[in-house]
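What follows is a set of notes on a single structure, which appears directly below.
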Amino acid sequence: MAERHRAARGCRAACPAPRALRSPVDDGLHEECGVFGIWAPGADVARLTYFGLHALQHRGQESAGIAVGDGSTVLIRKDLGLVNQVFSEADLAALQGKVALGHVRYCTSGQKNWEGAQPHLAAIDDVIIALAHNGTLVNTDQLRVELERRSIEFRSATDTEVAAKLIGYYTQKTHRIRDGIAKTMRLIRGAYAMAVIRENALYAFRDPNGIRPLLLGELPDGRGWVVASETCALSIVGARYVRDIAPGEVLRISDDGLKTMRGIEPSVPAQCIFEQVYFSRPDSIVDGRSVYSTRFAMGAQLAHEVPASADIVVGVPDSGLPGAEGFASASRLPVKTGFIKDRYVARTFIQPSQELRELGVRLKLNALSDVVRGQRVVLVDDSIVRGTTMNQIVRLVREAGATEVHVRINSPEVTWPCFYGIDTATQDQLISANMSVEGIREFIGADSLGFLSVAGLLRAAPRAMGYCAACFTGEYPVPIPESFSEGSFLAGYEPKRLSRAGAALQMRIEDLAREAALEAAEPKA
Ligand code: SF4
């Protein structure tokens with residue numbers, strides 16, 4: 001059952017939903033989160049949020065949560081597990097209100113427990129807010145210490161809770177949540193697409209570089225508004241895409257309508273290009289074009305850059321498939337279904353021993369020998385990160401009878417860790433930071449290996465926005481404090497712009513508290 005916030009502060013029984021462990025079969029990048037918010041009086045907002053989270057499930061499988069504003073307080077239900085494991089019919093029936101906020105999480109900050117699941121709650125005098133976050137903040141250690149010095153207690157180790165408590169702290173100064181949000185945006189650094197609800201309003205805001213996506217949609221006949229990480233979550237509830245929430249913008253949706261304000265000056269646009277490579281669902285629209293079409297264009301570009309003499313093209317399901325089609329089209333080769341993927345493998349039961357890791361790949365993928373036997377195969381996948389499964393996939397194709405296996409990767413080499421909400425591991429675990437292309441080819445047992453270039457990737461992606469491509473280039477759009485990145489880089493492997501984490505990060509909370517107090521004393525227009 002859903003619970004009232006005040007009850008939730010005490011002891012809460014653990015949910016029997018099975019904990020979704022990260023599968024060792026999957027050695028790729030992991031998105032941190034998906035966010036879905038809705039303001040729709042008269043609608044079943046919890047159920048619509050449930051559907052929205054279903055559409056965003058690929059962005060995080062470790063926990064799910066829904067908070068609802070019922071006009072007087074905020075109700076919440078969250079737990080470890082997949083969306084359909086966390087919420088029962090009774091939960092959704094109990095979550096009644098006109099505004100709701102949902103979240104699915106893949107943990108890159110804080111612990112994997114109930115407290116770490118989102119939305120996070122914070123109390124501002126008598127007002128309860130719930131906050132959901134996609135991204136990672138790079139400077140919350142210092143801010144947490146400052147808040148703790150003011151006797152503010154934390155229930156989790158997450159950066160999101162720091163943001164929730166900061167919003168609460170500053171809102172108490174002016175009694176306007178939008179001011180609390182704007183002040184918080186000026187203090188926090190990193191990548192954030194966040195949404196907040198209180199009992200009767202929805203807020204959404206995005207970091208000044210727009211690293212993580214957040215979109216605005218409208219329900220038919222003016223029935224309400226939706227914010228979501230991807231358009232696939234708008235489509236599933238029948239909402240029309242209106243626009244992206246601008247970097248640095250704060251939206252407020254309530255009985256007073258939709259209002260927009262600037263929370264912080266926008267900076268150089270730097271949306272994560274890995275949304276195009278891997279994270280976003282292929283049917284989501286980014287910058288006016290489906291992610292499927294962009295991956296297809298990347299595959300065609302890949303074929304021009306690193307062609308292969310072969311008979312057929314096979315994509316590794318699922319995110320390698322559009323690239324394989326693009327590669328085949330540009331190469332005038334047939335594209336074939338070379339694998340059957342088992343979608344029902346219980347990830348929880350795959351244990352991290354080498355023997356079972358190998359078994360895990362076989363549990364998940366089976367090569368179609370009727371298709372690949374006697375063929376020279378181009379095998380297309382979206383990316384290689386740690387490289388621990390590609391050699392097993394190549395082996396599967398060879399065992400199924402392929403005479404040659406030419407691996408083509410529909411993105412550049414991942415050589416730098418991500419600090420903006422994506423789990424890329426440390427640099428010593430990134431195979432491309434540690435081996436030459438020839439070394440990787442040998443390691444995975446392919447006859448040839450080729451990657452898309454950074455220029456080719458940017459050529460194939462829609463051009464209206466600026467991108468972060470730091471995991472390929474080492475050019476980080478938001479400076480990273482050394483304390484945050486310590487131990488993440490190989491010795492002597494200096495990324496660009498790391499050292500620019502300067503005075504702004506040293507800003508203490510008192511500075512802004514003083515500023516907020518001064519502003520509060522000014523008469524309001
Ligand atoms: S470093 Fe890579 S994964 Fe991280 S935000 Fe930038 S492009 Fe995305």
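Excluded from the calculations below are hydrogen atoms, water molecules and symmetry mates; all remaining heavy atoms, backbone and side chain alike, are included. In listed order, ligands and their atoms are each counted from 1. Just so you know, residue 1 is the first one in the sequence shown, and it goes up from there.
- In this structure, Arg144 forms a cation-pi arrangement with Phe154, its terminal cationic atom sitting closer than 6.0 Å to the ring centre and no more than 45° off the ring axis.
- Remark: ligand 1 atoms within the under-4.0 Å shell around heavy atoms of Ile422 are 3 (S).
- Taking all atoms of both residues into account, the shortest heavy-atom contact from Ala122 to Ala164 is CB-O, 3.7 Å.
- Proximity to Ile273 (heavy-atom distance under 4.0 Å) selects the following atoms of ligand 1: 7 (S).
- Under a 3.5 Å cut-off, the side chain of Arg212 and the backbone N or O of Ala193 do not form any donor-acceptor pair.
- A heavy-atom separation below 4.0 Å is not found between Glu275 and ligand 1.
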Before giving the answer on ring-ring contact (aromatic ring centres under 6.0 Å, His included), spell out for Phe274 and Phe472 the whole-Å C-alpha distance, their side-chain angles and the decisive distance to 0.1 Å. CA-CA 10 Å; Phe274 242 97; Phe472 306 125; 5.4 Å; yes
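- Atom 2 (Fe) of ligand 1 has Cys471 among its coordinating residues (N/O/S atom, backbone or side chain, under 2.8 Å).
- The closest side-chain heavy-atom distance from Lys341 to Asp318 is below 4.5 Å.
- Near Cys272, with a cut-off below 4.0 Å to any heavy atom, the atoms of ligand 1 are 3 (S), 5 (S), 7 (S), 8 (Fe).
- Atom 6 (Fe) of ligand 1 has an N, O or S atom of Cys468 under 2.8 Å away, backbone or side chain.
- Ring-centre distance between Phe419 and Phe489: below the 6.0 Å cut-off.
- Listed by number with element, the atoms of ligand 1 under 4.0 Å from a non-hydrogen atom of Arg212 are 5 (S).
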